[in-house]
Amino acid sequence: MDFVPEKKLGFGLMRLPLTDRNDETKIDIEQTKKMVDVFMEKGFTYFDTAWMYHGFQSEDAARIALVERYPRESFTLATKLHCEFFNTLEEREQVFQEQLRKTGAGYFDYYLVHGVDEGLYKKYEKLDCFNFVIEKKKQGLVRHVGFSFHDTPELLEQVLTKYPGMEFVQLQINYLDWESDTVQARKCYEVAEKYGKKVIVMEPVKGGTLANVPPQVEELFRNADPSYSVSSWAIRFAASLPSVMVVLSGMSSMEQIIDNTSYMEDFVPLTEEEKQICAQAAAIINGQIAIPCTGCSYCTGGCPQNIAIPEYFAMYNEDMREDLEEKGWTFTISKYQNMTGHFGAADDCIECGQCESVCPQHLPIIDNLKIVAAHFGRPAH
């Protein structure tokens, strides 16, 4: 099959239906099979899994629901190498071989170094993981190599410069994060474009946040075109970017499969007017923020603990817009942990009051830092 799938929608196998909603390992395999069948019948072929999804059961589900039921060349399968689950070169190889066994795929169409950020990048470098996946491609066990990324455009440029053999980048892109100072989706996308890399989009609906929007946003979309679901605006926004080759959606029900495939089967990019509607939606959602910090940074210059106050408030606001109960993990949790390696943590505050004395918004910064500290917890390092 070609490098770029014919259709831009990918089936993310990370939020599959369950037989026990309190146990993520209890995947409803029979329902998953039906969803896979409808997805394939409508001409979609891209499936995405990973080592740790669904309590390490997602790759097995891919084998049972997909690999054992369809000709190998009729679909493309992506999985990922995550260095938090190995510490030596030998263990790295063992994980890869176990992934081949669990999926029964014989080879992977797309294989990714998983979740690259400032902290994990150091370990990926130490264990030579980028060259490892490139070697697997040379061996014919992987057809295309890339990496998923959660950090700054500067780090992304560093990785792409050092490893030109990476063929694609998986980025968190949605209309809410497009201009976000934390995620920097647009800037990361532009770096990928600069290096001529195709982009796979993760979190187009931001963990369900953009499927459950404020009433004003729902009305905005309905007035523009009542035939489109709320979540479709988010997926279509990401799919409309020229360098995007596939948009992943972690689908957990047949209703989601039917809805997503209905408008992606014969996908038409957003018009300029529709892009503006998405921008309006983002502005409304961003207006409903937990801590109304403007990021002026007046508070940080004299902080004796060197706490990155505006950055932490921005991360907290990002998380407050997400369905944390449904998602469990967010990009900002790792981002916060990484930043506390360079700055004081939120709970390092000694309540001197310097920050509040200079804040032009007159925010209760000390109390807000306590809220942030309680949310993110004490850093591991």
Side-chain angles (χ1 to χ4, degrees), residues 115 117-122 149-158 172 174-188 203 206-207 209-210 214 279 281-325 327-381:
D117 62 17
E118 181 186 5
L120 291 183
Y121 183 54
K122 296 174 184 176
F149 186 80
H150 288 292
D151 215 288
T152 65
E154 291 79 15
L155 180 61
L156 178 58
E157 187 150 14
Q158 180 182 334
Q172 178 171 320
N174 52 69
Y175 65 76
L176 193 61
D177 288 332
W178 188 240
E179 298 293 351
S180 162
D181 291 334
T182 302
V183 180
Q184 301 187 75
R186 176 180 57 80
K187 292 179 180 179
C188 286
E203 299 292 357
K206 202 169 173 68
T209 298
L210 302 184
I284 293 170
I285 298 169
N286 281 322
Q288 301 180 2
I289 57 176
I291 302 175
C293 171
T294 62
C296 69
S297 295
Y298 289 174
C299 57
T300 57
C303 177
Q305 299 298 90
N306 191 31
I307 300 171
I309 297 168
E311 289 82 0
Y312 293 166
F313 287 174
M315 293 175 195
Y316 178 76
N317 286 335
E318 292 281 349
D319 266 7
M320 291 303 97
R321 289 193 292 265
E322 302 224 18
D323 186 348
L324 300 183
E325 181 175 293
K327 192 173 182 184
W329 175 91
T330 66
F331 158 68
T332 51
I333 293 174
S334 292
K335 183 74 172 177
Y336 177 80
Q337 292 286 331
N338 286 334
M339 284 200 68
T340 57
H342 304 280
F343 300 92
D347 58 355
D348 287 333
C349 175
I350 58 174
E351 302 186 25
C352 68
Q354 182 276 336
C355 55
E356 294 188 354
S357 70
V358 297
C359 177
Q361 308 302 320
H362 306 293
L363 297 178
I365 294 176
I366 294 171
D367 288 342
N368 283 334
L369 283 174
K370 292 177 182 178
I371 293 170
V372 171
H375 174 72
F376 288 112
R378 184 65 192 167
H381 48 73

| Asn338 CG to Lys122 NZ distance, which is reported to the nearest 0.5 Å | 8.0 Å
| Can you say whether the rings of Phe376 and Tyr336 are parallel (under 30°), tilted (30 to 60°) or perpendicular (over 60°)? | parallel
| request: Could you check if a side-chain atom of Val372 sits within less than 4.5 angstrom of a side-chain atom of Ile291, using non-hydrogen atoms only? | output: yes
| Just wondering, do Ser334 and His150 contact through their side chains at under 4.5 Å, heavy atoms? | no
| request: Drop me the distance from Ile365's CD1 to Cys349's SG, to the nearest 0.5 angstrom. | output: 9.5 Å
| remark: Taking every heavy atom of Ala346 against every heavy atom of Tyr312, the minimum-distance pair comes out as N-CE1, 3.8 Å
| task | Kindly say whether Lys335 contributes a backbone atom to a donor-acceptor pair with the side chain of Asp117 at under 3.5 angstrom? | result | no
| Do you know the tightest heavy-atom contact between Cys188 and Pro153? | SG-N, 3.8 Å
| CG-CD distance between Leu176 and Glu203, expressed to the nearest 0.5 angstrom | 12.0 Å
| message | Just verifying a value: how many Å separate Thr340 OG1 and Glu311 CD, rounded to the nearest 0.5 Å? | response | 13.0 Å
| Just by distance, do the side chain of Asn306 and the backbone of Phe343 share a donor-acceptor pair under 3.5 Å? | no
| Close side-chain approach of Ile366 to Lys370, heavy-atom, < 4.5 Å | yes
| Residue pair Pro364 / Glu356: nearest heavy atoms and the distance that separates them | C-OE2, 3.4 Å
| said: With a 6.0 Å cut-off (strictly less than), is the heavy-atom count around CG of Asp181, excluding the residue itself, greater than 12? | reply: no
| query | When rounded to the nearest 0.5 angstrom, what distance separates CG in Asn368 from CG in Leu363? | reply | 6.5 Å
| message | Please check this pair: side chain of Ser297 against backbone of Thr300, looking for a donor-acceptor N/O pair closer than 3.5 Å. | response | no
| remark: Between Gly302 and Gln354, the two heavy atoms sitting closest are C-OE1, 3.6 Å
| field | Residue pair His342 / Glu118, side-chain donor-acceptor N/O under 3.5 Å | value | yes
| task | Check whether any side-chain heavy atom of Val183 sits under 4.5 Å from a side-chain heavy atom of Asn174, and report yes or no. | result | no
| request: Find the distance between CG (Leu210) and OH (Tyr175) and round it off to the nearest 0.5 Å. | output: 4.5 Å
| Among all residues two or more places apart in sequence or in another chain, which pass the side chain to side chain contact (heavy atoms under 4.5 Å, CB included) test with Gln305? | Cys303, Ile307, Asp348, Ile350
| request: Pick out which of Arg186, Gln172, Gln184 makes a side-chain hydrogen bond (donor to acceptor under 3.5 Å, both in side chains) with Asp177. | output: Gln172
